[in-house]
Amino acid sequence: MSLSTSNPDHQARNPVTGVRGMNDLLPHETEIWQFMEQGFRLVLQNHGYQEIRLPLIERTELFQHSIGDSTDIVQKEMYTFADRNDESLTLRPEGTAGVMRAVIEHGLFHQPQRLWYMGPMFRYERPQKGRYRQFHQFGVELLGYQGVEADAEIIAISARLWRFLGIDDLKLQLNMLGSEKSRFRYRQVLQTYLRQHAHRLDEVSKLRLDTNPLRILDSKNPEVRAVLEEAPLLDDFLSEEDKLRCSHLCTLLDDMGIDYHKNSRLVRGLDYYDGAVFEWVTTRLGAQNAVCAGGRYDGLAEKIGGSATPAAGFAIGLERLVALLETLNQLPTTSHLHAYLLYTSDQWTSAAFTLAESLRDKLPQLRMMVHCGGGSMKSRLRRADKSKAECALIIGEEELRDSRVQIKHMRSNAETLLIHRDQLAAWLQEHFRL
RNA sequence: GUGGGCGUAGCUCAGUGGUAGAGCACUGGAUUGUGGCUCCAGCGGUCGUGGGUUCAAUACCCAUCGUCCACCCCA
């Protein structure tokens, strides 16, 4: 059997495509991503957080132990493969587990850590609006603080990120899951209640009855939701300490002027959450409405073999945030070129490139594009126009004869200038305040 | 994994059982070396792929792949 890939005809008809659910970010999109990323970096830097960069691949067991064996992510959404030595490895489906692993592994827990990360995550799911197999998260982790001021700090940071980006559309949903002990008691009671109404539950919820009954709480199924109307509330099973933490956190948020909505049905899909959890949601993105989610996970470090360490954090789905920015028309203004250098005929190519190099040497801040690809004068100027440059710098036979350069303003009707090439850099510096 | 919509030019989309069109984009010209506006011309498609029905399929049927949306799940 022979592969047909060497047949050019076959290749022409079947070009290699990208992988399903893994998107290319094309040039017209990267601008908004850079705007967002630079904003994030700045805000986090201003809060004293440091970046951490980690491998995309971890041992599979890391995610099994941290995210939880019974979760959908671990059970059916991970990109898991055997390494050449038969070790089971996995493309990270989220960032927190890796951060905890690295912090434990490198002994960073001797003092609290304020960390952020950004990068691609991988989950094998059917792609949909706001949900892709390779997607990007920006995450923040605050490690080593027991008190709710840590929860308040990360929520305040998230709120500030929205403000920085000019987003006022997101609403904060908040819930208190409580300690493992309170959750366990509630779980029993909820299970008992739901078993009595099992005939009204859908298939998925029935399966969850045994594995993870709390997850049924955020079901979208109307019938299931009807059953939940009468269900016992998690709030009633919280310990005094949990309640105190909750009210303290709410007070802090109130004092900072951060609005929130208490949602007792908000449970998270990853097993490691406990204490306060939150989501920032929008109504503008269809079904995948959570742009940012996080909470406290004091138990996580122990689950992956570290010593008990309090921790809180959140992650932002960047594709979703970009989509939101686009609906809100919060696009940044682009920084256009100052100049487009063109020559009237290809016989002056060398003169043009020589001039360009000397200008770049003298003016490192100069944003200039040099013409490539020949064409008529008309098309050369049209290219200059399309480049959105402020002015065209033109050289041709006449200009070269007496060492001048023509400056043509493309965005105004200001008169065309002829300037000696020795004075061009000075003129550009002055005109564009370089 | 389940359900539904959609695959026609680089992009956005019309269209018909008799092998295809528009707008935008691109190239050239009207304007010997001067963009934008206008006009003219040109380039560009085995109508996703494979099979079936038919004298004839881009159109109808089946399959398959891709894509989008929703379920599920989550950021």
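Chain naming here is simple, since letters A, B, ... match the order of the sequence lines and numbering starts at 1 in each.
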So, do Phe138(A) and Trp116(A) have ring centers that fall under 6.0 Å from each other?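 Ring centres of Trp116(A) and Phe138(A) closer than 6.0 Å.
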Whether [X] contacts [N] is assessed here as follows: a side-chain N or O lying under 4.0 Å from the phosphate OP1 or OP2. Is that the case?
X         : N      : answer
Gln288(A) : C73(B) : no
Lys386(A) : C26(B) : yes
Arg20(A)  : U67(B) : yes
Arg383(A) : U27(B) : yes
Ser379(A) : G28(B) : yes

Take Thr344(A) and Ile73(A), find for each the nucleotide of RNA chain B with the closest heavy atom, and name the residue whose nucleotide sits nearer the 5' end.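 Checking each residue's closest nucleotide, the 5'-ward one belongs to Thr344(A).
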Taking the nucleotide of RNA chain B with the closest heavy atom to each, which residue, Ser376(A) or Gly130(A), is nearer the 5' end?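 Nearest-nucleotide comparison on RNA chain B picks Ser376(A).
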For atom CD of Glu319(A) and atom P of C69(B), their distance in whole Å: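 Distance, rounded to whole Å: 13 Å.
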Mind calculating the distance between NZ (Lys378(A)) and P (C37(B)) to the nearest angstrom?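 Between P of C37(B) and NZ of Lys378(A): 11 Å.
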Is there a donor on the side chain of Glu77(A) or the base of C72(B) sitting less than 3.5 Å from an acceptor on the other?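 Not at all, since no donor on one side and acceptor on the other fall under 3.5 Å apart.
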Check: Arg380(A) side chain, U34(B) base, donor-acceptor under 3.5 Å: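 In this structure, the two groups form no donor-acceptor pair.
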Is a donor from one side chain sitting under 3.5 angstrom from an acceptor on the other, for Gln288(A) and Arg320(A)?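 Looking only at side-chain atoms, Arg320(A) and Gln288(A) do form a donor-acceptor pair, the distance falling under 3.5 Å.
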Quick one: label Ala384(A) by what it contacts on the DNA or RNA (base, sugar-phosphate, nothing), any heavy atom closer than 4.0 Å.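 It contacts nothing in the nucleic acid.
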Does U32(B) have a Watson-Crick or wobble mate here (both distances under 3.5 Å), and if so which one?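 Matched U32(B) with nothing under the 3.5 Å cut-off.
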Looking at His371(A) and Tyr343(A), what are the two nearest heavy atoms and their distance?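 Closest heavy-atom pair between His371(A) and Tyr343(A): O-OH, 2.8 Å.
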